[in-house]
Student: 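This is the structure I want to talk about, given as structure tokens.
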Amino acid sequence: MAPGDVKKTNFISQIIEEDLKSGRNGGRVATRFPPEPNGYLHIGHAKAICLDFGMAAEYGGECHLRFDDTNPVKEEQEYIDSIQEDVRWLGFDWGEHLYYASNYFDQLYEWAVKLIREGKAYVDDLTADEIREHRGTLTRPGTESPYRNRSVEENLDLFERMRKGEFPDGAKTLRARIDMESPNLNFRDPVMYRILKATHHRTGDKWCIYPMYDWAHGQSDSIERITHSICTLEFEDHRPLYSWFIEQLGIWPSRQFEFARLNITYTILSKRKLLQLVKENYVDGWDDPRMPTISGLRRRGYTPESIRDFCDRIGVSKADSTVDVGLLEHCVREDLNKRALRRMAVLRPLRVVIENYPEGQTEQLDAVNNPEDPSAGSRKVPFSRVLYIEREDFMEEPPKKFFRLAPGREVRLRYAYFITCTSVVKNAGGEIVELRCTYDPATRGGNSPDGRKVKATIHWVNTETAVNAEVRLYDHLFTREDPNKVDSEDLDWKTNINPNSLEALKDCKLEPALAEASPGEGIQFERMGYFCIDSKDSKPGAPVFNRTVTLKDTWAKIAKQG
RNA sequence: UGGGGAGUGGUGUAGUUGGUAACACGCCUGACUCUGGAUCAGGAGUUCGUAGGUUCGAGUCCUACCUCCCCAGCCA
């Protein structure tokens with residue numbers, strides 16, 4: 001945050017401040033980020049992480065990382081590892097506070113027994129289908145299960161035997177005994193435990209009954225003395241149940257607060273759908289640079305700072321909304337502009353021969369590393385008679401607003417010389433294969449002693465010393481602003497996948513200094529955008545670069561308008 | 001048709017004792033520039049979902065209505 005900026009507040013921080021003022025939790029603030037380890041974290045989670053950890057940090061509290069691992073059939077160690085890596089990479093530290101809901105299985109079991117003893121929970125023999133039928137509908141009340149009024153002794157015995165594994169999966173459930181006519185469906189005797197004879201990634205085969213979300217989450221918060229349990233809007237209906245369990249148990253009163261989840265244009269943020277993209281090979285994996293996952297953004301070249309800044313700017317509210325993906329892009333540009341070294345790289349090469357430049361001669365020219373940061377210094381760039389320039393920087397018949405190279409026109413080669421195009425060489429197919437130019441030796445370094453101005457400066461790479469590379473250009477993964485919008489019912493969101501979201505250019509020419517680029521380092525290819533080494537596919541001697549984001553491009557805008 | 005939420009410029013948000021709406025992104029001008037980048041200066045755009053009401057005065061209070069989102073997993 002720049003000095004002078006006003007600190008951003010949101011309704012959550014206001015609640016915390018009021019609680020602090022009233023001394024509600026003894027002046028203590030504890031939050032938690034509770035991912036289920038069934039997928040990789042994405043930018044939507046980053047919003048939650050920034051909020052959870054951010055609030056704790058702002059008010060001198062603590063934020064726990066707690067894995068909500070109550071469903072062994074969907075959860076894996078791989079996800080636990082990636083989640084920890086991503087949270088750390090984003091810049092947050094949970095210190096000693098790493099927990100698992102599965103740590104509390106024993107306590108949860110005891111509390112369940114307590115509720116059974118008090119007649120507030122019972123073992124139900126209804127099948128899943130029957131439970132659904134008995135639940136009623138949104139407008140019709142449910143009906144009570146015939147097993148609802150079993151004796152405490154019978155319930156205790158049955159529950160114990162459920163735990164011992166005497167019944168097959170799905171044969172019985174433990175349900176809270178609340179109100180089958182409640183207008184809030186969550187109160188119609190919610191299932192607390194189901195039988196699942198699955199090996200848990202942490203508790204192994206110790207358990208064959210596993211707690212449901214509603215029964216596990218609030219109690220876990222309470223055990224950890226979480227003061228502000230922040231979650232997304234779809235859990236609003238669960239809040240009364242969250243509080244009900246805590247109240248019945250008489251345990252420490254954690255409270256839940258809900259905010260609107262993040263949506264971004266041209267982006268899908270649903271773990272289920274992202275998993276589908278991975279499983280069905282629409283992308284290269286969870287960390288495909290086109291994915292909105294933290295690992296995908298990292299591989300794409302986004303910085304943790306830029307993601308945090310983004311989360312800061314979008315704010316926190318309870319209104320459903322969709323953020324323009326352009327804001328995310330703006331955040332990386334702004335961050336990278338300050339720190340990225342500038343380099344020259346020609347993505348779509350066009351040969352240029354400087355006819356009046358001595359054959360066999362090479363000179364080293366000075367080039368600034370970062371105009372935004374004088375301390376970044378400068379480097380030498382080799383120049384000689386035959387060069388590459390960007391194909392799109394030349395037009396044989398330029399429209400009025402095109403300032404770059406054209407027959408008879410003079411432009412500046414960045415940090416080098418003014419050149420003038422004298423002729424165009426084409427192949428049999430009429431395709432331009434080479435440009436013949438002359439240079440003005442007096443403009444060495446890029447300035448003309450006679451004060452002559454030129455309308456454009458273009459980048460270039462010396463042919464003899466060029467490093468060959470593959471460069472991957474990315475576009476939005478979806479063609480529609482709202483990927484979930486389809487024109488007819490028989491189409492699904494996958495029909496909106498952008499077939500051109502990846503363009504791999506294999507014949508790119510880089511200046512020599514780029515041979516030493518290291519992964520994780522954001523680099524600006526002058527006039528083309530910000531790029532970084534691909535952490536997976538790049539090899540020494542065969543570099544692969546990913547385009548993080550383009551530079552703002554006024555010409556592209558003009559060209560598009562026609 | 002039950003319950004729970006939300007509606008402020010194109011987008012996201014701020015607006016906390018009611019006093020004629022602000023910030024960011026985007027957009028448009030211009031200046032400057034060896035990146036059509038960056039930077040700087042300026043500009044357009046909202047009357048606050050709708051209709052009433054209270055009040056000298058309402059985005060802020062009241063009433064009614066409209067629209068959108070979420071909930072009928074032994075998922076989280």
Side-chain angles (χ1 to χ4, degrees), chain A residues 5-6 8-10 14 18 34-36 38 68 70-71 73-75 124 126-129 131-133 135-142 169-175 182-188 190-196 209-210 212-214 216-217 231-240 258 260 265 271-272 312-324 326-331 333-334 337-338 342 344 367-368 371-372 401-404 412-416 418 443 445-447 454-459 524-529 550-558:
Chain A
D5 281 4
V6 181
K8 262 203 168 182
T9 67
N10 58 58
Q14 286 169 10
E18 281 161 23
E36 181 187 13
N38 67 344
D68 218 336
T70 57
N71 186 357
V73 311
K74 285 189 178 170
E75 298 154 6
D124 197 353
L126 255 30
T127 64
D129 283 347
I131 285 183
R132 181 165 19 84
E133 284 160 18
R135 185 153 32 227
T137 69
L138 295 179
T139 50
R140 249 181 263 296
D169 282 12
K172 292 184 179 354
T173 56
L174 183 75
R175 294 229 259 164
S182 173
N184 181 344
L185 302 233
N186 294 122
F187 272 91
R188 320 246 261 227
V191 172
M192 294 166 66
Y193 280 96
R194 75 283 215 187
I195 300 171
L196 238 39
I209 56 171
Y210 290 93
M212 297 288 289
Y213 169 85
D214 285 309
H217 203 93
C231 64
T232 43
L233 252 30
E234 65 269 28
F235 291 100
E236 273 179 319
D237 286 340
H238 295 247
R239 188 185 345 126
E258 311 86 13
T265 55
K271 265 202 214 174
R272 203 196 98 240
D312 217 58
R313 292 187 194 226
I314 57 178
V316 179
S317 76
K318 295 185 73 125
D320 293 311
S321 60
T322 302
V323 176
D324 191 331
L327 181 61
L328 216 209
E329 296 169 348
H330 170 265
C331 291
R333 277 195 198 100
E334 189 177 78
N337 176 52
K338 295 177 301 196
R342 271 59 170 177
M344 292 198 284
V368 172
E372 302 295 317
K401 286 180 175 171
F402 183 85
F403 304 150
R404 283 107 95 144
R412 169 169 40 231
L413 292 180
R414 186 122 159 111
Y415 300 125
F418 285 11
T443 59
N447 289 303
V454 93
K455 289 203 81 171
T457 298
I458 64 175
H459 59 99
Q524 184 191 110
F525 288 180
E526 296 232 16
R527 306 205 307 130
M528 303 306 287
T550 59
L551 249 32
K552 278 216 280 189
D553 191 344
T554 307
W555 164 243
K557 205 180 287 176
I558 295 168

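Scope of the values below: all heavy atoms of this structure, side chains included, with no hydrogens, waters or symmetry mates. Convention: sequence-line order gives letters A, B, ...; per-chain numbering from 1. Here the structure is a predicted model, which is why all the values come from computation and not from measurement.
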Student: Rounded to whole angstrom units, what separation is found between the NE2 atom of A:His330 and the C1' atom of B:C23?
Tutor: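 After rounding, the reported distance stands at 13 Å.
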Student: Pick the P atom in B:U46 and in B:C61, then give their distance to the nearest Å.
Tutor: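 Between the two P atoms, the distance is 25 Å.
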Student: Under the salt bridge (Lys or Arg N to Asp or Glu O under 4.0 Å) test, which residues partner A:Arg412, sequence neighbours left out?
Tutor: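 Not a single residue meets the salt bridge (Lys or Arg N to Asp or Glu O under 4.0 Å) criterion with A:Arg412.
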Student: Could you tell me whether A:Glu258 contacts a base, only the sugar-phosphate backbone, or nothing, with contacts defined as non-hydrogen atoms closer than 4.0 Å?
Tutor: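 The residue A:Glu258 makes no contact with any strand.
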Student: Taking only the C1' atom of each, what is the distance from B:G15 to B:C48 in whole angstrom?
Tutor: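 Straight-line distance between the two C1' atoms is 11 Å.
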Student: Taking the C1' atom of each, how far is B:U16 from B:A22, in whole Å?
Tutor: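 My reading of the C1' atoms in B:U16 and B:A22 gives 16 Å.
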Student: Regarding A:Phe418, tell me which of base, sugar-phosphate or nothing describes its non-hydrogen contacts under 4.0 Å with the strands shown.
Tutor: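 Answer is nothing: A:Phe418 stays at 4.0 Å or more from every strand.
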Student: So A:Thr554, base contact, sugar-phosphate only, or nothing? Heavy-atom distance under 4.0 Å.
Tutor: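 Answer is sugar-phosphate: A:Thr554 comes under 4.0 Å of backbone atoms only.
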Student: Side chain of A:Arg313 only, please: which of B:A24, B:U16, B:G36 is the nearest?
Tutor: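 The nucleotide sitting nearest to the side chain is B:A24.
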Student: If you assign A:Val323 and A:Ala556 each to the RNA chain B nucleotide with the nearest heavy atom, which residue ends up on the more 5' nucleotide?
Tutor: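 Its nearest nucleotide lies further toward 5', so the answer is A:Val323.
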Student: When rounded to the nearest Å, what value does the distance between C1' atoms of B:C56 and B:G45 take?
Tutor: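 To the nearest whole Å, 31 Å.
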Student: Whether A:Gln14 contacts B:A14 is assessed here as follows: a side-chain N or O lying under 4.0 Å from the phosphate OP1 or OP2. Is that the case?
Tutor: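 Negative; the distance criterion is not met.
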Student: Residues two or more places apart in sequence or in another chain: which of them pass salt bridge (Lys or Arg N to Asp or Glu O under 4.0 Å) with A:Arg188?
Tutor: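 Result, salt bridge (Lys or Arg N to Asp or Glu O under 4.0 Å) vs A:Arg188: none returned.
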Student: What is the distance from CG of A:Leu328 to C1' of B:U11, rounded to the nearest Å?
Tutor: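 Whole-Å distance recorded here is 14 Å.
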Student: Just how far, in rounded Å, is P of B:C25 from CG of A:Asp312?
Tutor: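 Those two atoms, CG and P, are 13 Å apart.
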Student: I'd like to know if A:Arg414 and A:Glu526 make a salt bridge, using a cut-off of under 4.0 Å between side-chain N and carboxylate O.
Tutor: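 Yes, A:Arg414 and A:Glu526 are salt-bridged.
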Student: Less than 4.0 Å between a side-chain N and a carboxylate O, is that true for A:Lys271 and A:Glu36?
Tutor: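 Looking at A:Lys271 together with A:Glu36, the answer is no, because their closest N to O distance does not fall below 4.0 Å.
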Student: How close or far is atom P of B:G12 from atom CG of A:Asn10, stated in whole angstroms?
Tutor: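 For the pair A:Asn10 CG and B:G12 P, the rounded distance is 17 Å.
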Student: Rounded to the Å, how far apart are A:Ile314 CD1 and B:U13 C1'?
Tutor: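 In whole Å, B:U13 C1' lies 10 Å from A:Ile314 CD1.
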Student: At under 4.0 Å between heavy atoms, what does A:Val454 touch on the DNA or RNA strands: base, sugar-phosphate, or nothing?
Tutor: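 Nothing, no nucleic acid heavy atom in range.
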Student: Students often get this wrong, so: under 4.0 angstrom with heavy atoms, is A:Gly446 touching a base, only sugar-phosphate, or nothing?
Tutor: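 The answer is base, as A:Gly446 lies within the cut-off (heavy atoms under 4.0 Å) of a base atom.
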Student: Does B:G52 adopt a syn or an anti glycosidic conformation, taking syn as a chi angle within 90° of 0?
Tutor: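 Anti for B:G52; the angle lies over 90° from 0.
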Student: Nearest-nucleotide wise, let me know which of A:Gly326 and A:Arg527 is further upstream toward the 5' end of RNA chain B.
Tutor: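 Final value for this comparison: A:Gly326.
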Student: Map every base of RNA chain B to its dot-bracket character, where paired means a Watson-Crick or G-U wobble contact with both distances under 3.5 Å and | marks a partner outside the strand.
Tutor: .((((((..((((........)))).(((((.......))))).....(((((.......))))))))))).....
Student: So do A:Thr265 and A:Val323 actually touch side chain to side chain, heavy atoms under 4.5 Å?
Tutor: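 No - every pair of side-chain heavy atoms lies 4.5 Å or more apart.
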Student: Could you state the atom-to-atom distance from OH of A:Tyr415 to P of B:G37 in whole Å?
Tutor: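 The distance from OH of A:Tyr415 to P of B:G37 comes to 15 Å, rounded to the nearest Å.
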Student: Check whether any side-chain nitrogen or oxygen of A:Arg140 sits under 4.0 Å from OP1 or OP2 of B:G2, and answer yes or no.
Tutor: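 False: A:Arg140 side-chain N/O out of range (4.0 Å or more) of B:G2 OP1/OP2.
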Student: I'd like to compare against my own output: the B/S/- annotation of nucleotides 38-50 of chain B with a strict under-4.0 Å heavy-atom distance to protein.
Tutor: S------------
Student: Does B:U11 have OP1 or OP2 sitting under 4.0 Å from an N or O in the side chain of A:Thr265?
Tutor: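 Answer no for this pair, as no side-chain N or O of A:Thr265 is under 4.0 Å from OP1 or OP2.
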Student: Can you find a heavy atom in the side chain of A:Thr554 that is under 4.5 Å from one in the side chain of A:Lys401?
Tutor: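 Heavy-atom side-chain distance check fails, nothing below 4.5 Å.
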Student: Evaluate the side-chain proximity of A:Leu327 to A:Ile314: yes if any heavy-atom separation is below 4.5 Å, no if none is.
Tutor: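 In short, these two side chains touch, coming nearer than 4.5 Å.
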Student: Which whole number of Å gives the distance between the C1' atom of B:G7 and that of B:A76?
Tutor: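 Approximately 28 Å lies between the C1' atom of B:G7 and that of B:A76.
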Student: Taking the side chain as everything from C-beta on, heavy atoms only, tell me whether A:Glu372 gets closer than 4.5 Å to A:Arg342.
Tutor: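 Yes, side chains in contact.
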Student: Within the 4.0 Å limit for protein heavy atoms, which parts of nucleotides 68-76 of chain B are touched? Write it as a string from 5' to 3', B for base, S for sugar-phosphate only, - for none.
Tutor: -SBBBSBSB
Student: Could you tell me whether A:Leu551 contacts a base, only the sugar-phosphate backbone, or nothing, with contacts defined as non-hydrogen atoms closer than 4.0 Å?
Tutor: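 Base contact.
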Student: For A:Asn447, which contact category applies under a 4.0 Å heavy-atom criterion: base, sugar-phosphate, or nothing?
Tutor: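 Counting heavy atoms under 4.0 Å across all strands, the contact made by A:Asn447 includes a base.
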Student: When we call it a touch if two heavy atoms are under 4.0 Å apart, what does A:Arg414 touch: a base, just sugar-phosphate, or nothing?
Tutor: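 Answer is base: heavy atoms of A:Arg414 come under 4.0 Å of a base.
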Student: Quick one: are A:His217 and A:Pro34 in side-chain contact, heavy atoms under 4.5 Å?
Tutor: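 With C-beta onward as the side chain, the pair touches.
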Student: Which of these nucleotides, B:U16, B:U13, B:G5, is closest to any side-chain atom of A:Ser317?
Tutor: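 Looking only at heavy atoms from C-beta outward on A:Ser317, the closest nucleotide is B:U13.
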Student: Taking only the C1' atom of each, what is the distance from B:C65 to B:C23 in whole angstrom?
Tutor: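 The answer is 33 Å between these two C1' atoms.
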Student: Considering only the C1' atoms, how many Å lie between B:G10 and B:A51, rounded to the nearest integer?
Tutor: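 These two C1' atoms come out 27 Å apart once rounded.
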Student: Are the side chains of A:Asp553 and A:Leu551 in contact, using a 4.5 Å heavy-atom criterion?
Tutor: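 Heavy-atom side-chain distance check fails, nothing below 4.5 Å.
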Student: Any donor-acceptor pair under 3.5 Å joining the side chain of A:Arg404 to the base of B:G36?
Tutor: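 Indeed, a donor on one side and an acceptor on the other fall under 3.5 Å apart.
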Student: Could you state the atom-to-atom distance from NZ of A:Lys455 to C1' of B:U35 in whole Å?
Tutor: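 Taking NZ of A:Lys455 and C1' of B:U35, I get 16 Å after rounding.
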Student: Would the distance check show the side chain of A:Thr232 and the main-chain N or O of A:Glu234 forming a donor-acceptor pair, the cut-off being under 3.5 Å?
Tutor: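 Side chain of A:Thr232 to backbone of A:Glu234: no pair is present.
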Student: Evaluate the side-chain proximity of A:Ile558 to A:Phe402: yes if any heavy-atom separation is below 4.5 Å, no if none is.
Tutor: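 In short, these two side chains do not touch, never coming nearer than 4.5 Å.
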Student: If the C1' atom of B:C75 is compared with that of B:A38, how far apart are they to the nearest Å?
Tutor: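 B:C75 and B:A38 have their C1' atoms separated by 48 Å.
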Student: Give one of base, sugar-phosphate or nothing for A:Leu413, where a contact means two heavy atoms less than 4.0 Å apart.
Tutor: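 No contact.
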Student: Taking C-beta and beyond as the side chain, do A:Thr173 and A:Met192 meet within less than 4.5 Å on heavy atoms?
Tutor: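 The answer is no; the side chains never approach within 4.5 Å.
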Student: Could you list the residues that satisfy salt bridge (Lys or Arg N to Asp or Glu O under 4.0 Å) with A:Arg313, not counting sequence neighbours?
Tutor: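 In terms of salt bridge (Lys or Arg N to Asp or Glu O under 4.0 Å), with neighbours along the sequence ignored, A:Arg313 is linked to A:Asp309, A:Glu334.
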Student: Side chain of A:Asp237, backbone of A:Asn184: donor and acceptor closer than 3.5 Å?
Tutor: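 Not confirmed, A:Asp237 side chain does not pair with A:Asn184 backbone.
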Student: What is the distance, to the nearest angstrom, from the NZ atom on A:Lys318 to the P atom on B:U13?
Tutor: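 Whole-Å distance recorded here is 13 Å.
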Student: Contact class for A:Pro141 vs. all strands (heavy atom < 4.0 Å): base, sugar-phosphate, or nothing?
Tutor: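 Here A:Pro141 touches no strand at all.
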